[in-house]
Amino acid sequence: MSDKEDIKIIDDVLNGNIEAFSVIIKQYQNMVFKYVYSRFNNYDVAFDITQDVFLMAMEALASFRREAKFSTWLYSIMVNYCKNYRKKNNRYNTVSLSVMVGDDEFDIPLTDERENPENEVINNDSLRIVKEEIDKLPEDYKDILILRDIQGFSYNEISEVLSIKLSNVKVRIHRGRELLKNRLYARGLI
Amino acid sequence: MKDGHITFEEMSDFFDEIIDTEELKEMILDHLENCPECTVEYDRLRKTVTLVGELGKAEFQLDGLTDVIIKSYKSTAFKKSIIKALPAIAASFLIIIGAGLFKSDLFNNESSNTTEFATEKSSQSETEKVVTIISKHEGAKIIKISPVFIEGEISVENFRRLRRDLGFRKVSYRYASSSSNLNSQHSWRNNIEEVSLGAGNNPQGGVFTYINDRKNIRFRVHQ
């Protein structure tokens with residue numbers, strides 16, 4: 001869907017046709033969900049955050065200035081929301097769930113019984129290792145590699161979404177890739 | 001290039017096809033064909049990026065997400081409109097309650113409230129009447145109006161007529177000296193006399209006399 005088509009739908013929504021926004025949601029939901037899932041590795045969290053991102057976009061629609069593409073604006077909301085969510089949730093200590101049976105302690109298994117398509121992809125050991133190593137990267141590098149190498153954003157798009165200079169985009173991509181490459185090499189994957 | 005080899009940054013830019021100049025692009029290509037070390041490094045970079053890209057191939061089923069979002073937005077928008085309207089609703093409620101109380105027996109009590117109100121009304125009217133009477137007399141000044149009396153000053157020659165017009169009202173009066181301060185508290189201990197309309201007597205034997213420069217009488221009409 002072109003940017004012009006996006007603008008047309010936005011105008012429709014602003015004129016009172018809320019249902020028209022469902023076209024936008026369907027167009028971008030996979031992109032938003034994949035990014036969020038890559039960040040948090042949890043289906044429920046990714047689903048909730050995806051909802052919130054689109055709700056925020058709807059509420060702020062009147063303030064969309066149309067100087068950038070709508071998709072860029074939407075992804076900016078997505079990236080910033082994830083950053084704030086992470087900051088907020090890092091404040092809380094995690095507690096391991098376990099149950100005592102006599103003198104023995106057993107962890108309560110938390111499994112997601114739903115089918116997770118990513119599991120099919122990363123059943124492959126190699127990809128499991130890649131995912132582990134990406135998760136260990138510093139946040140700035142993780143963000144940029146997800147946007148560039150998973151989502152396929154261009155350098156200019158990344159610069160607009162993250163509100164950083166193009167030169168900074170390049171530097172972060174270089175460093176993120178080099179760090180990941182060295183770690184994958186250390187684990188014998190490449 | 002560094003130390004005779006391509007830098008990692010140049011490799012990464014080359015991989016993403018964002019090398020600025022054709023010259024540099026050609027140089028990197030030539031070098032990769034001839035340098036085993038750089039070729040290995042470049043291959044590792046390529047595998048890394050390819051593996052990361054594989055993670056993005058998963059397709060998630062997000063059925064129902066659109067409906068959930070639209071429903072949630074409509075519900076939130078409705079709640080916000082109610083909250084915005086709350087002050088107006090509260091104000092309308094208060095007005096209705098106030099109007100109801102006003103029309104109720106609360107303000108139409110047949111007790112002494114009515115009498116007090118009527119008395120207060122008539123008192124106000126009495127004060128106004130006295131003020132009106134005094135004001136109609138030439139040269140008369142009203143100095144003070146209190147709940148107990150109205151104090152004024154008038155020339156001796158006009159006092160008689162004023163006294164007559166004040167009728168049944170109780171009046172105290174005395175001479176006022178020319179240097180008297182209108183705002184000072186005069187002693188009424190030396191009142192000339194209280195005179196009623198029916199007395200027919202002038203104060204002090206019925207004759208107002210000019211004493212030195214005393215041309216005015218200070219009077220109080222008691223309420």
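None of these values were measured; they are calculated from a predicted model. So you know, we letter chains A, B, ... as the sequences are listed, proteins then strands, and number each from 1. All values below were derived from every heavy atom in this structure, side-chain atoms included, with hydrogens, water molecules and symmetry-related copies excluded.
- Looking at Arg175(A), there are no atoms closer than 4.5 Å to chain B (heavy atoms on both sides), in backbone or side chain.
- For Tyr155(A), the part lying under 4.5 angstrom from a heavy atom of chain B is the side chain only.
- For Asp16(B), the parts sitting under 4.5 Å from any heavy atom of chain A are the backbone and the side chain alike.
- Taking the centre and axis of the six-membered ring of Tyr173(B), the NZ or CZ atom of Arg163(B) falls outside the cone set by 45° and 6.0 Å.
- Distance check, rounded to the nearest 0.5 Å: CG of Leu180(A) to CG of Asp149(A) gives 8.5 Å.
- Interface remark: Leu184(A) contributes side-chain atoms only to the contact with chain B (heavy atom separation under 4.5 Å).
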Determine, step by step, whether Tyr73(B) and Phe54(A) satisfy the side-chain contact (heavy atoms from CB on, under 4.5 Å) criterion, reporting the C-alpha distance in whole Å, the side-chain angles of both residues, the deciding distance to 0.1 Å, and the verdict. CA-CA 9 Å; Tyr73(B) 177 79; Phe54(A) 280 108; over 6 Å; no
Thr7(B)/Glu10(B) under side-chain hydrogen bond (donor to acceptor under 3.5 Å, both in side chains): CA gap, chis, key distance, verdict: CA-CA 5 Å; Thr7(B) 63; Glu10(B) 286 168 337; 3.3 Å; yes
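- Counting heavy-atom pairs under 4.5 Å between each of Lys74(B), Met11(B), Lys47(B) and chain A puts Lys74(B) at the top.
- Heavy-atom pairs under 4.5 Å with chain A peak, among Asp43(B), Leu45(B), Thr76(B), at Leu45(B).
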Test side-chain contact (heavy atoms from CB on, under 4.5 Å) applied to Ile49(A) and Val45(A), step by step: CA-CA 6 Å; Ile49(A) 292 177; Val45(A) 169; 3.6 Å; yes
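- Contact annotation for Leu189(A): only side-chain heavy atoms (C-beta onward) come within less than 4.5 Å of a heavy atom of chain B.
- If you measure heavy-atom distances from Glu59(A) to chain B, the contacts under 4.5 Å come from both the backbone and the side chain.
- To the nearest 0.5 angstrom, Lys26(A) atom NZ is 5.0 Å from Thr66(B) atom OG1.
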